[in-house]
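Notes for the one structure printed next.
Read the numbers this way: they start at 1 and go in the same order the structure lists the ligands and their atoms. The structure displayed is predicted, hence computed values, not measured ones.
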Amino acid sequence: MYERATHGDVSRAGATLTVDLGALVENYRILKTKLRPGVRCAAVLKADAYGLGVRRVAPALAAVGCVDFFVAHVDEGLLARKCLPASASIYILNGLPQGAEADAEAAALTPVLNSVKQVEAWSDCAAKRKRRLQAILQFDTGMSRFGLSPKEAYCLLASKVWRSHIELCCVMTHFACADEPSHPENLKQLMSFQALARQFGDVPTSLANSSGIFLDSVFHGDLVRPGAALYGINPVPLESNPMRPVAQLSARVVQTRIINPGDGVGYGLEFRPERPFRLATLSIGYADGISRALGNRGTVYFRGNPLPIVGRLSMDSMVIGLSDAVADAINDGSYVDLIGPDQSLDHFARSVGTIGYEVLAGLGPRIERIYRYD
Ligand SMILES: *Cc1c(COP(=O)(O)O)cnc(C)c1O
């Protein structure tokens, strides 16, 4: 079953991102098989569910039993709240900016508190409302990005005021090197986390992202937080991908032409073939989040046939070379795949020198999202 979801008209779209919701929920189940009984599996929905569309991704995961969801920003939380059952827990990873507490409380969003100041502000909000509010407390155990330093955590322990206003539903940390299983920092972070967590009593713990789930179960804690693996990105880069692909990115052919020896292609005329050359222009460019670094370097696919990107990418278009094998089959209105059965998301990302996360999160709003569930 196919269903259109966003604003545009698929028949006019320059490019489509087909999201396989069946594969998404299968990935959720695969991740759950890695967990000891009783360990909860959340889903990370930040950045519009890594570009795939939170409006459809969130309900699909809720329907298979996911009840804990993480986003980065308050406004992402407010949107997620509209897409999810009222019973879902929604956590704000980046914490609350000063002044956002009331909105977060009104929508029953749970902040991840990353600093003493944030703890105080949330505690004040609870005092005003005359009710205890839930929160996650994050410790920085080595990544130097979010969370309380061990020293700040001990200061917080010494102050008792916040305790009567805040109910900790979790203490958490985040691994810097979970995708490198033998990296010594993983165990170091675990040890310093456990030492801190113990001080806070019998509170559930949350440590692992997608890659962390594939480490030993001592790294899991009570609530794991996968994002990437749900969306088909390989959580174990040193091994073959255990996840099912979720996203297929296809671009429409606008026109085809044959150029003569000596003719150039695109800005700067960087590509000049020495023989007559067949070309197709695709309706996708760097404004859609496709890196300009793919000029003269990347490959797209048509029914198993690799086709080179030739010349520089433009804002709204790019040009590919057509081999004899496909010349008759590709016409105006044909679609070629940038990401699909012949080129995985991770492979495509590597060809631009980046990671699947950045490719998905960068895909622009002009790309029509199509949802498939079978
Ligand atoms: C983004 C994020 C995750 C999810 O990470 P993946 O590698 O996509 O699974 C988990 N925890 C935190 C704190 C994050 O910022």
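- In this structure, Arg312 is not positioned above the aromatic face of Tyr267 in the sense of NZ or CZ being under 6.0 Å from the six-membered ring centre and within 45° of the axis.
- In this view, Phe348 satisfies the ring-ring contact (aromatic ring centres under 6.0 Å, His included) rule with no residue, not counting sequence neighbours.
- Residue Leu249 is not grouped with residue Val254 when hydrophobic side chains (ILVMFWY) are merged at heavy-atom distances under 4.5 angstrom, including chains of intermediate members.
- Rounding to the nearest 0.5 angstrom, the gap separating the CD atom in Gln134 from the CD1 atom in Ile166 is 11.0 Å.
- Taking Ile, Leu, Val, Met, Phe, Trp and Tyr as hydrophobic and joining them when side-chain heavy atoms fall under 4.5 Å apart, one finds Tyr335 isolated, its cluster having no other members.
- Among residues at least two apart or in separate chains, ring pair (Phe, Tyr, Trp, His ring centres under 6.0 Å) pairs with a member in residues 274-308 are Phe271-Phe277.
- For ligand 1, residues of the protein lying within 4.0 angstrom by heavy-atom distance are Val44, Lys46, Tyr50, Leu93, Arg145, Met172, His174, Asn209, Ser210, Arg225, Pro226, Gly227, Ala228, Tyr357.
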